[in-house]
Each structure stands twice: as structure tokens, then as C-alpha cells.
Amino acid sequence: MESILTYPRQVYREDHEMLRTTVRRFLDTECKPRQAQWDKDGRVDRETWLKAGREGLLCPTLDPEWGGAGGDFGHAAVIVEEIGRSGVGGLGFGLHSDIVAPYIARLGTPAQKARWLPGCALGEVILAIAMSEPGAGSDLKAIRTTARRDGDEYVINGAKTFISNGLNCDLVVVVAKTDPELGAKGVSLILVEADRVGFRRGRKLEKMGQEAADTAELFFDELRVPVDNLLGEENKGFGYLMQDLAQERFIIALGAASKLEAMYEETVRYTRERVVFGKPLVDFQNTKFKLAEIRTRATAVRIMVDQYLGEHLRRKLTLDEAAMAKLFVTEELGRALDEMLQLYGGYGYMMEYPICRAYVDSRVMRIYGGTSEVMKELISRNL
């Protein structure tokens with residue numbers, strides 16, 4: 001199969017590549033056969049989460065003291081890449097392992113870590129983070145959910161939307177205003193168990209793609225949690241979120257880069273097999289030139305992503321670089337998928353073809369984690 005790269009990648013170690021073999025096998029044997037059922041159910045089954053935990057595929061960077069494998073971001077990146085390459089849709093592993101769990105690992109008290117993190121690594125506790133609201137998406141300063149102090153408890157009221165892992169989650173990091181008059185400086189992060197009185201899941205949101213991703217609305221009605229559920233310090237939540245956004249955005253870029261390469265390889269295979277007017281589709285100049293353009297752009301994507309991956313492994317990736325990676329890679333993916341789908345003709349519009357699923361599943365990459373327009377705004381601030 002035609003590969004994008006003409007040189008070996010240097011960013012990963014042998015132990016990273018050993019994990020890649022495990023992840024690829026898991027996706028092939030445990031996930032792909034279940035995809036149709038997940039799409040029908042609108043969520044990934046809990047047994048798959050537990051199997052992933054047993055395989056060590058959840059929270060790979062978590063300290064062994066809290067049940068993790070003690071790996072570095074390279075191990076997390078391998079899992080993200082392989083999910084992107086596989087075409088499996090709906091897995092919430094990356095959000096759980098690489099976005100939400102690190103908040104608890106970094107900010108949690110020893111008691112909070114001991115209570116929750118071992119279950120997160122095993123797949124017994126599924127995590128979500130509740131930031132977006134009906135009137136506040138990328139603009140976190142505009143959130144209206146409140147957490148009012150009442151003695152030794154917080155009383156939470158509000159509504160959240162577009163919450164990934166919203167139907168499956170057992171524990172939610174809720175972004176709420178503990179001091180609304182302070183605006184962004186009055187935001188806190190609070191751990192909320194899904195079995196508390198006052199917690200309610202809304203409908204599963206019907207999306208363009210990623211049917212198996214359990215994206216939902218969440219509601220908090222006079223929900224009480226002990227003050228001990230505060231994550232980090234009160235009114236410091238906005239700063240905490242800003243610190244981890246670089247990794248969240250870069251993870252999106254990582255997955256998008258791998259999906260671009262996989263769909264390029266699949267499209268080359270298809271155009272070699274598809275016969276039009278008595279000859280393979282790949283023999284037409286338009287096809288060859290289009291694939292040459294996509295390969296060139298995808299190579300530029302890979303060089304950029306691997307450079308920034310090396311930086312992040314050294315903990316030097318900046319917010320600007322993460323924003324540029326997300327902007328460039330997701331926009332290139334969207335452009336390339338549109339061009340490649342066209343080469344399939346009518347078959348490209350059929351969901352049984354990987355290019356069609358990739359097309360609808362990937363559109364959100366230019367939206368979640370901060371839209372492309374927000375990325376441009378962030379990058380332009382340092383011109």
C-alpha cells in the first residue's frame with residue numbers, strides 16, 4: 001500500500017512501537033467488529049472500556065501509584081494515532097485518558113487520586129468534562145453554570161451541552177462559576193459523581209458523524225457535592241484549563257494527521273482497482289495530479305506534527321504551536337477528504353466506504369477543542 005512517508009519516523013522509541021502493535025490488534029479484534037452495534041446504540045459498550053483497561057490502553061501516562069502504566073506522552077500519542085488510522089468511530093478514550101484524567105492527576109488531592117484514578121485506568125470509571133453550554137462554547141468566560149457555597153457543600157445549577165462521554169460517564173469535571181462577579185477569575189473545577197441527586201442526563205445529541213460517540217446534554221439542578229470535591233483551588237479553574245488546552249488541541253492534530261495518511265493510502269488502493277473507460281482510475285492525469293498534491297500536503301502535515309510531538313515530549317509545546325497544529329492539520333484533512341471522496345464518485349457517498357465515514361466523522365475536528373476561527377484569533381494575538 002502506498003505510504004505518505006519516504007523516511008522512517010524518529011520521534012518514537014521501541015517501547016512506543018511495541019504499544020502500537022497492541023493498540024492495532026485491539027482495534028482490529030475488539031472494536032471494528034462492534035462498530036455497527038455502537039452506531040446503532042449511540043455509544044461504546046462498557047465491556048470494551050473494561051477490556052481496554054485490562055490491556056493498559058487507558059490513562060497510559062498515569063503514575064503506577066494510581067494504577068497507570070507510568071508512560072510518557074509518546075505512549076498516549078501512539079494510541080491517538082492508531083485510533084485515527086483505524087477508522088473506528090466513537091471511542092472516548094482520548095478525552096478520558098489524555099484530557100480529563102490529567103486534571104485529576106495534576107490538581108487532585110491524594111484522597112481524590114486514590115478514590116478515582118485506579119478505576120479510570122481500569123475502565124471502571126469513565127470520565128467527562130463539562131465545559132460547553134448552550135450559550136458558551138469556545139468562550140469559556142461566558143459560562144453560566146454556578147457552584148454556590150453552602151456550608152461544607154457546593155450547590156451546582158446549570159446546563160451543559162456537547163459533552164463527550166456524556167451518556168457513559170461516571171465522574172464529571174464540571175466547570176462552574178464559584179464567584180460569578182469575577183467573570184473568568186471566578187471559575188472553578190468541581191468533581192461530580194453521576195449518581196448524585198440533581199444530576200440528569202439529557203438526550204443523546206444527533207450529530208452529522210461519529211454516531212457511536214455518546215455526546216449528550218447534562219443538567220445540574222440544586223446538586224450538592226462536598227467542598228472536598230473541589231479540584232485544585234477555588235476560582236483558579238480558568239487558569240487550569242488554559243494550561244491543558246495545548247495538549248487537548250495537539251491530540252486532535254495527531255489523530256487528524258493519522259486519518260489523513262490512512263485515507264490517502266485507502267484512496268490510492270481504490271483508484272488502482274477501479275476501472276473507468278477501460279483503464280484504472282489512477283492512470284488518469286487528474287487522479288495522479290490530485291493524489292500527488294494530497295501526498296505533498298500530507299507530508300508537510302506529518303513533518304509539522306512530528307516536530308511538535310518531539311517538543312511536547314520535552315514539555316516545550318506552546319499554546320501558539322498547538323493552535324497552529326490544530327488549525328493546519330484539521331483544515332488540510334478536511335480539504336483532502338473532500339478531494340479524495342470526489343475520486344470515488346457515487347461510492348464515496350456510501351457509508352460502507354471508509355472515505356465516507358471519515359468525511360462525516362472528521363468534520364467536527366475543525367470545531368471541537370476550539371474552532372479554526374478561534375485558533376486564528378489565538379495565533380494572531382502574537383503577531
Side-chain angles (χ1 to χ4, degrees), residues 41-47 49-50 53 66 92 95-96 99-101 103-105 107-137 140 142-181 186-205 213-238 240-241:
D41 296 341
R43 67 173 80 183
V44 174
D45 63 275
R46 303 278 306 203
E47 182 58 31
W49 280 87
L50 294 171
W66 311 116
L95 173 78
H96 170 91
I99 297 174
V100 189
Y103 282 114
I104 303 174
L107 303 172
T109 64
Q112 289 172 337
K113 295 177 184 179
R115 181 180 180 189
W116 296 114
L117 290 179
C120 295
L122 290 172
E124 297 170 352
V125 176
I126 298 175
L127 298 172
I129 184 165
M131 287 192 281
S132 295
E133 297 184 2
L140 295 177
I143 65 169
R144 300 177 64 183
T145 298
T146 59
R148 182 182 78 254
R149 181 75 179 260
D150 183 20
D152 60 356
E153 293 181 315
Y154 286 111
V155 182
I156 302 175
N157 284 282
K160 300 289 185 176
T161 193
F162 308 142
I163 307 306
S164 299
N165 292 347
L167 297 180
N168 275 336
C169 64
D170 304 291
L171 183 67
V172 186
V173 176
V174 178
V175 181
K177 284 185 175 175
T178 40
D179 193 337
E181 294 183 1
V187 171
S188 298
L189 307 183
I190 300 174
L191 294 164
V192 174
E193 303 93 329
D195 59 359
R196 286 195 175 271
V197 175
F199 177 84
R200 180 166 55 91
R201 306 177 203 265
R203 62 191 176 94
K204 176 190 178 295
L205 300 176
D214 58 316
T215 311
E217 300 168 315
L218 301 181
F219 300 96
F220 307 89
D221 304 306
E222 290 292 301
L223 184 149
R224 290 178 174 269
V225 296
V227 171
D228 288 345
N229 278 31
L230 177 69
L231 191 58
E233 296 182 43
E234 191 172 87
N235 297 336
K236 295 291 182 67
F238 189 77
Y240 297 147
L241 293 170

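Atom-to-atom distance recorded for Trp49:CH2 and Arg43:CZ is 12.0 Å, nearest 0.5 angstrom. For the atom pair Ile163 CD1 and Thr215 OG1, the distance stands at 9.0 Å (nearest 0.5 Å). In this structure, Leu191 CG and Leu189 CG are separated by 8.5 Å, a value rounded to the nearest 0.5 Å. Rounding to the nearest 0.5 Å gives a distance of 13.5 Å between CD1 of Ile129 and NE2 of His96.
With a 6.0 Å radius and a threshold of 12 heavy atoms from other residues, nucleotides or ligands, Lys236 has its NZ atom at or below the threshold. Shown here is Arg144, whose CZ atom has no more than 12 heavy atoms of other residues, nucleotides or ligands within 6.0 Å. Other residues, nucleotides and ligands contribute at most 12 non-hydrogen atoms within 6.0 Å of the CZ atom of Phe162.
The backbone N or O of Glu47 sits less than 3.5 Å from a side-chain atom of Asp45, completing a donor-acceptor pair. Without hydrogens or angle criteria, Asp214 side chain to Leu167 main chain gives a donor-acceptor distance under 3.5 Å. The closest donor-acceptor contact from the side chain of Lys160 to the backbone of Met131 lies under 3.5 Å.
Side-chain contact check for Asp170 versus Glu193: every heavy-atom pair is 4.5 Å or farther apart. Looking at heavy atoms from C-beta onward, Ile156 lies in side-chain contact with Ile190 at the 4.5 angstrom threshold. Between Arg46 and Ile126 the shortest side-chain heavy-atom distance falls below 4.5 Å. Contact check for Asp150 versus Arg224: side-chain heavy atoms found under the 4.5 Å cut-off. Between Asn157 and Leu223, the closest side-chain pair of non-hydrogen atoms is not below 4.5 Å. Residues Glu124 and Trp116 are not in side-chain contact: their nearest non-hydrogen atoms beyond the backbone lie 4.5 Å or more apart. Side chains of Lys177 and Thr145 form no contact here, defined as non-hydrogen atoms less than 4.5 Å apart.
Nearest heavy atoms, Lys113 versus Pro118: O-CD, 3.3 Å. Summarising the geometry of Ala128 relative to Cys169, their closest heavy-atom pair is CB-CB, 3.7 Å, with the distance given to 0.1 Å. Contact detail for Leu230 and Ser188: the closest heavy-atom pair is CD1-CB, 4.0 Å. Of all heavy-atom pairs between Ala130 and Leu218, the closest is CB-CD1, 4.5 Å. Taking all atoms of both residues into account, the shortest heavy-atom contact from Gly123 to Leu50 is O-CD2, 3.5 Å.
With salt bridges taken as basic N to acidic carboxylate O contacts below 4.0 Å, none links Arg201 and Glu217. Classification of Glu153 and Arg148 as a salt-bridged pair fails, no side-chain N sitting under 4.0 Å from a carboxylate O.
In this structure Tyr154 satisfies the ring-ring contact (aromatic ring centres under 6.0 Å, His included) test with no other residue, sequence neighbours excluded. Partners of Asp221 by side chain to side chain contact (heavy atoms under 4.5 Å, CB included), not counting sequence neighbours, listed by chain and number: Arg200, Phe219.
The side-chain contact (heavy atoms from CB on, under 4.5 Å) test with Leu127 is passed by exactly one of Leu117, Val172, Leu171, Val173: Leu171.
Asn235 and Thr178 form a side-chain donor-acceptor contact under 3.5 Å, judged by distance and modelled atom types alone. Between the side chains of Thr161 and Glu133, no donor-acceptor pair of N or O atoms lies under 3.5 Å.
When ring centroids are compared, Tyr240 and Tyr103 stay outside the 6.0 Å threshold.
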